[in-house]
Amino acid sequence: MASSTVTSSQPERPPRPNLAFRQLRGRRSPAEFAALVRRAAREIGERVSCDARYVGRVEAGEIRCPNYAYERVFLHMFPGRTLADLGFAPRSSVRGRAARTPAEAPEEGVAAEASDESRGALEPYDAQDPYGAPEPYAKDHLNHEESDVLRRAFMTGGGATVAAATLGPMGLTTNAATAVRPARRPGAPEATALEEAVRRIRLLDDRHGADGLYRRAAAPLRAAYALLDAGATRQTTADRLHSGAGELAISVGWLAHDSGRFDDARSHYAEALATARMTGDPALEAHAFCNTAFLARDAGRPREAVRAAQAAQRAAAPLGSARLMSLLALREAGGWAGLADRTGCEQALVRAQTLFARGRSDADPEWMSFYGEAELEGLEAQCWSTLGDWRRASRHARRAAHLQDPHFTRNIALYTAELADDLAREGRPDEAAAAGLRVLALLDQVQSSRIQGMLAGTARVLLPHRRASGVSEFLDRHAAMPRTGRA
């Protein structure tokens, strides 16, 4: 498949701040203004996922001309004004496109073609890349240049590794095209191998990120469901296989989620939820709803994120894990932030902190090994960022990066990328560039479209500040970074 990278004879110019649009916002916060945009969209039957980050990008001049859906909403909000009055560039000047007549524009309710929202970036929380990554990450192209780190991770080790045959002891092929029915009915060894596959995938994701893992993890998942179809000889083994298959579906769903394949992730999470419901497994159900809430937030469905997080809390309540309930409260807070409901977000954050303070217990699920003080700070930083409170967001992101266990390389890169973006939007370009350089230094170990997309957004914000200390170095190194598609 051909690369999506677009070359141009015109040098890329730093964006100019949209002062007219900033003046129209007045004294409202970016989150408050974004809520007004969403409300105006509903009034005319449009669906946009506007948030504080999108408003910030418009005001920074990153979005030179909105897509047709946003155009209709803005003109509805400000009758009698044109796009030029709102500070936008003519559509004909954006990426060489000619302006359409009203009859040629997409109809209401139909997905509008994206215009130059920062070199083709998508709407906030778009289902392909929530951070508006540049085009090489916006479509699913094969990655033919895996990092040596990931290649070694997959090609070494025994039957417990994902690369060779995570589920090899089951007598199943892990070929990408087919999964064969096992020669005998599965027992305890197969259940143990399945549980080890889940642990191995999580470990590799913690260290290296999702992009190089997703394609390989799909085969063990097919093998796991083939085991369920074969049937176990004992009920205890059947229960372990169902739980293991559900957890594996969630792990594979997360790899899809983190590498920008939101539709795939939704399918895997739904599969895990169905498995939990069929077997009456509240722990698996809570986990599936937890990840569904996270995905909904990233995909621009904040109300769904709130509902899924609340459903997860109902499922988890009998399990007795305060840490699990804390994480689920944070998922709910993320949904409230996406709805620009500051009060709802703050209440959920307080609940999450109170539950976290109760400490760990034997009831905590094994999959929650990532959830410590660093993750608590990181998720809170994301909430404040969504609400447009960059100062508070950067404070929590800094704490998250400082507190993170060095074992979780991917999370260190994620929190530091969040910090860089928040600092850039807060107006501290030198500190943002320093944080961005730290992330770039980790990208030989971590492959995550989410992190790469965040860095791309930060680079766009920093373009007008090239003369600030360290900014030029960051921009040059970021521009030289290899653009690899999703594996």
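Quantities reported herein were computed from a predicted structural model and do not represent experimental measurements.
In this structure, Ile250 CD1 and His268 NE2 are separated by 12.0 Å, a value rounded to the nearest 0.5 Å. Rounding to the nearest 0.5 Å places CG of Asp421 at 6.0 Å from CE of Met454. In this structure, the separation between OG1 on Thr409 and CG on Leu414 is 12.5 Å, given to the nearest 0.5 Å. The structure places CZ of Arg460 at 5.5 Å from CD of Glu62, a figure rounded to the nearest 0.5 Å. We find the OG1-CZ distance between Thr275 and Arg277 to be 11.5 Å, quoted to the nearest 0.5 Å. Atom CZ of Arg266 and atom OG1 of Thr292 lie 7.5 Å apart (nearest 0.5 Å).
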Worked check of side-chain hydrogen bond (donor to acceptor under 3.5 Å, both in side chains) between Asp298 and His257: CA-CA 9 Å; Asp298 283 355; His257 180 172; 2.9 Å; yes

Assess whether side-chain contact (heavy atoms from CB on, under 4.5 Å) is satisfied between Leu24 and Met77, documenting all intermediate values. CA-CA 10 Å; Leu24 290 170; Met77 293 177 68; over 6 Å; no

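Phe74 is linked by a ring-ring contact (aromatic ring centres under 6.0 Å, His included) to Phe21, Tyr70, Phe88, counting only residues two or more places apart in sequence or in another chain. With sequence neighbours excluded, no residue forms a side-chain hydrogen bond (donor to acceptor under 3.5 Å, both in side chains) with Arg323. Applying the side-chain hydrogen bond (donor to acceptor under 3.5 Å, both in side chains) rule to Glu59 yields the partners Arg25; only residues at least two apart in sequence or on another chain are considered. The side-chain contact (heavy atoms from CB on, under 4.5 Å) test applied to Ser29 returns Ala31, Glu32, not counting sequence neighbours. Scanning for side-chain contact (heavy atoms from CB on, under 4.5 Å) contacts around Leu379 gives Leu327, Leu330, Arg331, Glu375, Gln382, with sequence neighbours left out.
In this structure, Phe294 and Trp254 have parallel ring planes: the angle between them is below the 30° cut-off, well short of the 60° mark.
With Gln313 contributing its side chain and Ala309 its backbone, the two residues share a donor-acceptor pair below 3.5 Å.
Taking a cutoff of 4.0 Å between a charged side-chain nitrogen and a carboxylate oxygen, Glu431 and Arg398 qualify as a salt bridge.
For the residue pair Thr386 / Asp51, no side-chain donor-acceptor distance below 3.5 Å is found, with atom types taken as modelled.
Between Arg57 and Arg425 there is a side-chain heavy-atom pair separated by less than 4.5 Å.
Between Ser49 and Gly300, the closest heavy-atom pair is OG-O, 3.6 Å.
A ring-ring contact (aromatic ring centres under 6.0 Å, His included) check over residues 316-363, counting only residues at least two apart or in different chains, returns the pairs Phe356-Tyr371.
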